There are 2 protein chains.
Amino acid sequence: MLHEDVVAHLRDKLIDGVLPPGSRVPEKELCAELGVSRTPLREALKVLASEGYIVLLPNRGARVAKMTARNMEELFEVCGGMEALAGELACHYATDAEIAEIKALHDRMAEFYEARNLAGYYPLNRAIHEAIVRATHNSVLMNLYENVSARIRRARFVVPMPPDHWRLAMAEHEAILNALQRRDAIMLSSILKTHLRNKSEQVERAGFAESDETPVPAATARKTPAGKTPAKKPPAKKNQPAKSEMERIP
Amino acid sequence: MLHEDVVAHLRDKLIDGVLPPGSRVPEKELCAELGVSRTPLREALKVLASEGYIVLLPNRGARVAKMTARNMEELFEVCGGMEALAGELACHYATDAEIAEIKALHDRMAEFYEARNLAGYYPLNRAIHEAIVRATHNSVLMNLYENVSARIRRARFVVPMPPDHWRLAMAEHEAILNALQRRDAIMLSSILKTHLRNKSEQVERAGFAESDETPVPAATARKTPAGKTPAKKPPAKKNQPAKSEMERIP
DNA sequence: AATGGCAATTTTGAATGCAAAATGGTTCAT
DNA sequence: ATGAACCATTTTGCATTCAAAATTGCCATT
């Protein structure tokens with residue numbers, strides 16, 4: 001299964017930001033790196049484009065999809081809707097065992113919160129949300145959620161976590177678990193949507209100005225940016241919507 | 001843009017049921033039919049697989065995704081969640097012009113309802129739902145909705161429309177328009193979810209038992225577009241190799 | 001020096017070719 | 001007769017090749 005491997009590998013690279021938003025996707029170098037020919041690689045690019053990670057420009061190759069503030073907003077809106085739906089469905093369809101499992105995850109996460117261990121907290125937070133989605137027993141929703149949440153995850157490197165936000169998030173998680181245990185669909189749905197909106201606002205406040213205009217030129221091993229030594233651009237473009245670089249999509 | 005053409009063409013074929021669920025996707029014949037080589041066709045298959053229309057079996061080619069009752073249920077659940085979200089967002093983001101446009105569509109649809117013209121009614125019904133989603137100004141949601149609703153549309157050939165169901169649907173649409181005009185997000189969201197659930201139940205009642213086990217074989221040029229009247233189960237086995245085709249998905 | 005045009009190179013998109021796997025049919029042993 | 005094993009054919013997956021488009025570099029002209 002070479003094809004799926006290539007898709008998975010590239011998707012991870014895109015989620016992890018190894019290939020920076022706005023940059024070109026260098027077919028040749030990726031072929032060399034993965035040890036495959038262009039055929040399976042191009043197939044993978046088509047798939048990743050349909051998943052929203054990259055954009056295909058006819059006769060001009062692929063570029064990594066940018067993360068604009070608006071785009072993140074959209075993703076959060078959709079993700080919030082999905083989580084709300086997941087909560088509602090989970091209240092109907094989750095088994096007691098699944099709810100117990102989620103409680104276990106929650107308790108472990110709470111311990112990390114008490115210890116103020118963010119690195120331990122994050123994975124469990126994610127695991128809980130994924131477990132809720134799984135508990136819907138709705139594979140269509142699982143797939144779409146995986147896509148949307150992964151696209152959001154691309155932005156995770158810019159989120160700080162102020163103490164009061166963290167406290168609020170933890171309180172919301174208490175309410176989430178509580179509503180799920182009572183199988184209160186309306187309540188769980190509502191809390192999850194609020195939870196996501198808070199996260200969205202927090203991310204928005206953290207700001208995307210920088211990723212809006214990465215002047216990143218070409219490619220993979222960018223030891224030395226060949227193009228135009230962007231080094232000192234940041235202050236200049238702050239207020240401008242900055243379509244300067246990437247918007248060459250005529 | 002040859003690649004996109006191939007994807008679009010095949011997707012239409014899949015939505016329209018020209019390639020029946022469960023059947024093999026004959027690469028060679030589609031190449032001949034579309035006048036392209038296998039390379040762009042296979043790229044298209046990968047994309048369609050990621051969109052959920054077909055299933056790729058390693059070293060065994062592609063098969064058209066089946067529509068089981070459970071799968072339809074899942075799609076309707078997700079679609080309902082999306083429409084509810086769309087209604088909510090549309091109340092916030094729609095322009096007055098967009099709402100006016102939706103009202104215009106609604107009024108035209110109402111006329112077809114009065115005339116009991118189902119063929120005229122359906123496209124407008126769909127146009128209204130799409131317009132609501134567009135009015136969210138959320139392109140992520142638009143893309144996902146397009147995918148989910150198209151996958152549901154594959155099942156449309158089995159839905160009858162009893163008079164009282166139609167009356168109920170029309171009443172719901174009145175309420176939808178009303179809530180949207182008042183920008184009552186909660187209400188609109190709720191009505192849309194109910195509206196979809198009703199449609200889902202109606203479709204479920206119509207039944208999918210048949211498509212759960214379509215003995216349909218290879219399927220290249222199906223002149224008879226998969227009418228819901230196979231009616232000839234006995235001879236079906238005779239005409240086709242039958243078993244060697246379908247159930248080899250271990 | 002800056003701009004415009006032209007040729008060389010690179011990159012993209014699709015067709016073809018080739019090895020491995022699966023499928024189908026036949027033969028042969030039980 | 002059943003079915004296990006073998007070989008021929010088809011199909012699949014990927015690599016390679018080829019033509020067209022875009023990008024780049026160079027030079028001439030202003």
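Order of the sequence lines sets the chain letters (A, B, ...), proteins ahead of strands, with each chain counted from 1. None of these values were measured; they are calculated from a predicted model.
- Residues B/Gly35 and A/Lys28 each lie close to DNA chain C; by heavy-atom proximity, the contact nearer the 5' end of the strand is made by A/Lys28.
- When all heavy atoms of A/Lys66 and A/Asn71 are compared, the pair lying nearest together is O-OD1, 3.9 Å.
- For the salt bridge (Lys or Arg N to Asp or Glu O under 4.0 Å) test, residues two or more places apart in sequence or in another chain that qualify with B/Arg70 are B/Glu73, B/Glu74.
- Side chain of B/Arg24, nearest nucleotide from D/dT11, D/dG13, C/dA15: D/dT11.
- In terms of position on DNA chain D, the residue among A/Val36 and B/Ala62 whose nearest nucleotide sits closer to the 5' end is B/Ala62.
- The distance from atom CD of A/Glu29 to atom C1' of C/dT12 is 15 Å, rounded to the nearest whole Å.
- Applying the salt bridge (charged side-chain N to carboxylate O under 4.0 Å, His left out) definition to pairs two or more places apart or across chains, none involves residues 137-150 of chain A.
- Following rounding to the nearest Å, B/Leu56 (CG) and D/dC14 (P) show an atom-to-atom distance of 11 Å.
- Applying the salt bridge (Lys or Arg N to Asp or Glu O under 4.0 Å) criterion to A/Arg197, with sequence neighbours excluded, gives no partner residue.
- In this structure, B/Leu57 places its CG atom 16 Å from P of D/dT11, rounding to the nearest Å.
- Scored by the side chain to side chain donor-acceptor pair (under 3.5 Å) test, B/Ser50 finds A/Ser50 as partners (sequence neighbours excluded).
- Contacts of A/Arg11 classified as side chain to side chain donor-acceptor pair (under 3.5 Å), with partners at least two apart in sequence or in another chain: A/Glu51.
- Base pairing in DNA chain D yields stems of at least 3 consecutive Watson-Crick or G-U pairs, both distances under 3.5 Å, namely C:1-30 with D:1-30.
- Contacts between residues 37-44 of chain A and DNA chain C, defined by a heavy-atom separation below 4.0 Å, involve A/Arg38, A/Arg42, listed by number.
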Nucleotides 20-22 of chain D: which of its N/O atoms have a protein N/O under 3.5 Å away?
none

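- The shortest distance between side-chain heavy atoms of B/Asp5 and B/Val7 does not fall below 4.5 Å.
- When the side chain to side chain donor-acceptor pair (under 3.5 Å) test is applied to A/Glu88, the partners found at least two apart in sequence or on another chain are B/Lys193.
- To the nearest angstrom, C1' of D/dT12 lies 16 Å from CD of A/Glu4.
- With sequence neighbours left out, the side chain to side chain donor-acceptor pair (under 3.5 Å) criterion links A/Glu98 to A/Thr95, A/His137.
- Partners of B/Glu83 by salt bridge (Lys or Arg N to Asp or Glu O under 4.0 Å), not counting sequence neighbours: none found.
- Every residue meeting the salt bridge (Lys or Arg N to Asp or Glu O under 4.0 Å) condition with A/Arg38, not counting sequence neighbours, appears here in chain and number order: A/Glu27.
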